[in-house]
Amino acid sequence: MNGGVGEVTAAPAGPLPQLEWKFSQVFGERTAGEEVQEVDIISAIEFDKSGDHLATGDRGGRVVLFERTDTKEHGGSRKDLERTDYPVSRHPEFRYKTEFQSHEPEFDYLKSLEIEEKINKIRWCQTANGALFLLSTNDKTIKFWKVQEKKVKKLSEMNMDLAKSTGNGNIVSSSVSSSQSSYLTNGGCSDKSFSIPSNEFSFPPGGIPSLRLPVVAVTSYETSLTARCRRVYAHAHDYHINSISSNSDGETFVSADDLRINLWNLEISNQSFNIVDVKPANMEDLTEVITSAEFHPTHCNTLAYSSSKGSIRLIDLRQSALCDTHCKLFEEQEAPGSRSFFTEIIASISDIKFGKEGRYILSRDYMTLKLWDINMDSGPVSTFQVHEYLRPKLCDLYENDSIFDKFECCLSGDGQRVATGSYSNLFRVFGAVDGSTEATTLEASKNPMRRQVQTPSRPSRSLSSITRVVRRGAESPGVDANGNSFDFTTKLLHLAWHPSENSIACAAANSLYMYYA
């Protein structure tokens, strides 16, 4: 892809070498035959902008944080280490940091509706004063969390020697006793003889003695992580929240449900502004719903949202308070004669992501990944077939509801590769630059290349004067990429790409797998 905007550097000429992916780590690995608890299944994954922290959410309403360890060994950032003679770790390594209960199950008595605690999305916010901030949401309620390290004093002794405690000064007490046996350990007094009403206070004979406090000897400080809910943003969505996105201005974020997108200020939890409303006057006229919304990574006024009809709309928040009219519409024209009962279902976009520079948008529908240039609304720049061999099985997928599964997608930090998940705990990595035929199939296991097929992808073909490419992997109908029968019950819906390195984190049921190249 050739860059046409000054802020984006052109992709390097010539095809990229295919990456060789290796297993790095796994958290929550299952033993053979172990049954997975529903509440432990991971439902959201997100790296922060620095790549030093990773957050996961699960169906039990918990948020688990991981921190990077390979840059902390020498006490500096990766860029600092590159300027020194310290050897840099060959790939990012993470360790468990902390976890907290973000959401609890609730019940809406007005609608007789049970609200499950499952975490739908997690988004990181800007850090401040060494504290981490993130947003998490279930179907109805968004919460703003602050995670901070606190030093706790570790006491070695509490000295009650009177000779040492008199140095604490003379402090007036409203309850004084002359007998030392009546002092309680918490500083109170059991003797009621000097309980004096506030209006009739008089000094006891001889004056008030010194308040005797213990002398505390601190030997060390223990560091503990505390997660505190700073804000709760509730009662703003009639339908289930499908996405949240934090803004580059560091002050606002959006939340989207099927029919509306709301704009929030992080500091104001009791008020939001409805900026997109696609609800018709008559619900029988409803033809499409909102499926995902994402802020531009650098332009705080630009927002993209996708629909169930396979279109992406770009809106400018400066145009009007209610952004029902879009400034750009991205959709692919339907090929004549290709329409079927499943056409609209599989066209629904389940996830969109901006590239790091904001020039490109990646979208995922049921069968494909599409890469869009925001300067070209005539069609996608590239289309990647994720599991084309499932097309003959769409009827079976419809009957078992698998056709409604919502797969996420992600881009590499340099924008040269894209990735998304599939069934049988597989995920696919594609080269996104001109001339690349990279189409790698990996399995979420300790041997990711086990399911890899060494057959080359079909060469890219030009569809018009502007390069649009269609790349496919193996297309054996009824079987997966390795000739095995397909397992619809094990699906890899959630994954994230490290913002600066070739490292991918993905969720297979309750296990978090990490790979590097």
Side-chain angles (χ1 to χ4, degrees), residues 38-49 53-65 99-108 111 113-126 132-147 227-247 250-276 289-295 303-306 349-353 406-410 493-496 507:
E38 178 80 11
V39 293
D40 294 332
I41 295 176
I42 297 173
S43 56
I45 299 179
E46 185 80 1
F47 280 105
D48 71 347
K49 287 186 178 180
H53 293 92
L54 174 68
T56 66
D58 62 27
R59 294 188 183 180
R62 296 180 297 259
V63 172
V64 183
L65 302 185
E99 68 179 86
F100 54 90
Q101 188 72 32
S102 174
H103 288 72
E104 300 279 359
E106 300 174 47
F107 191 82
D108 188 335
K111 297 182 178 179
L113 181 69
E114 187 176 350
I115 304 170
E116 61 179 351
E117 65 271 32
K118 173 193 167 190
I119 305 295
N120 290 343
K121 294 288 180 181
I122 295 174
R123 288 292 180 266
W124 290 90
C125 301
Q126 293 181 1
L132 303 174
F133 295 89
L134 52 88
L135 291 163
S136 62
T137 184
N138 64 354
D139 286 339
K140 294 291 184 181
T141 305
I142 307 158
K143 295 186 179 182
F144 183 44
W145 291 91
K146 178 183 181 181
V147 181
R228 187 165 65 91
C229 184
R230 292 280 307 276
R231 301 277 188 280
V232 177
Y233 314 92
H235 312 301
H237 287 278
D238 292 330
Y239 303 92
H240 289 179
I241 298 171
N242 55 47
S243 57
I244 52 175
S245 179
S246 50
N247 200 347
E251 297 178 355
T252 56
F253 71 94
V254 292
S255 58
D257 63 22
D258 290 345
L259 299 180
R260 292 187 176 95
I261 300 177
N262 293 334
L263 177 68
W264 301 82
N265 187 299
L266 282 169
E267 299 301 320
I268 304 172
S269 60
N270 60 357
Q271 183 184 50
S272 65
F273 299 93
N274 180 223
I275 56 174
V276 175
V289 296
I290 298 167
T291 57
S292 183
E294 185 89 358
F295 263 121
L303 177 75
Y305 69 93
S306 59
I349 294 175
S350 57
D351 190 28
I352 58 171
K353 292 281 181 11
K406 300 184 185 307
F407 292 93
E408 293 179 1
C409 59
C410 58
L493 301 176
H494 312 286
L495 76 171

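Count residues from 1 along the sequence. When reading the values below, keep in mind they use all heavy atoms of this one structure, side chains included, and skip hydrogens, waters and symmetry mates.
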Across all chains, not counting sequence neighbours, the ring-ring contact (aromatic ring centres under 6.0 Å, His included) partners of Trp124 are none
dist Lys143:NZ -> Ser136:OG (nearest 0.5 Å) comes out at 7.5 Å
So salt bridge (charged side-chain N to carboxylate O under 4.0 Å, His left out) across residues 259-269, not counting sequence neighbours, yields Arg231-Glu267, Asp238-Arg260, Arg260-Asp277
Taken in chain and number order and not counting sequence neighbours, the residues that satisfy side chain to side chain contact (heavy atoms under 4.5 Å, CB included) with Glu116 are Lys118, Asp139
_Ser43 and Asp58: CA distance, side-chain angles, deciding distance, side chain to side chain donor-acceptor pair (under 3.5 Å) verdict_ = CA-CA 5 Å; Ser43 56; Asp58 62 27; 6.0 Å; no
Residues at least two apart in sequence or cross-chain that pass side chain to side chain donor-acceptor pair (under 3.5 Å) with Asn274, listed by chain then number, are Asn262
Across all chains, not counting sequence neighbours, the side chain to side chain contact (heavy atoms under 4.5 Å, CB included) partners of Ala304 are Ile312, Leu314, Ile352, Phe354, Ile361
ask   = Can you tell me if NE2 on His235 sees more than 12 non-hydrogen neighbours from other groups inside 6.0 Å?
value = no
Glu99 meets the side chain to side chain contact (heavy atoms under 4.5 Å, CB included) criterion, sequence neighbours left out, with Arg62, Val64, Tyr96
By side chain to side chain donor-acceptor pair (under 3.5 Å), Ser272 pairs with (sequence neighbours left out) none
By side chain to side chain donor-acceptor pair (under 3.5 Å), Gln101 pairs with (sequence neighbours left out) none
Applying ring-ring contact (aromatic ring centres under 6.0 Å, His included) to Tyr233 and not counting sequence neighbours gives Phe253, Trp264
Sidechain-backbone polar pair: Lys146 side chain, Leu132 backbone, donor-acceptor under 3.5 Å
no
Applying side chain to side chain contact (heavy atoms under 4.5 Å, CB included) to Thr137 and not counting sequence neighbours gives Asn120, Lys121, Ile142, Ile241, Ile244
(message) So that I can tick it off, tell me whether Arg59 and Glu117 are bridged by a salt bridge, with the cut-off set at under 4.0 angstrom between side-chain N and carboxylate O.
(response) no
All heavy atoms of Ser102 vs all of Trp145, minimum pair found to be OG-NE1, 3.2 Å
Can you tell me if Thr141 and His103 form a side-chain donor-acceptor pair at under 3.5 Å? no
Contacts of His494 meeting side chain to side chain donor-acceptor pair (under 3.5 Å) (sequence neighbours excluded), chain-then-number -> Glu408
Hits for salt bridge (Lys or Arg N to Asp or Glu O under 4.0 Å) against Lys140, two or more places apart or cross-chain, chain-then-number order -> none
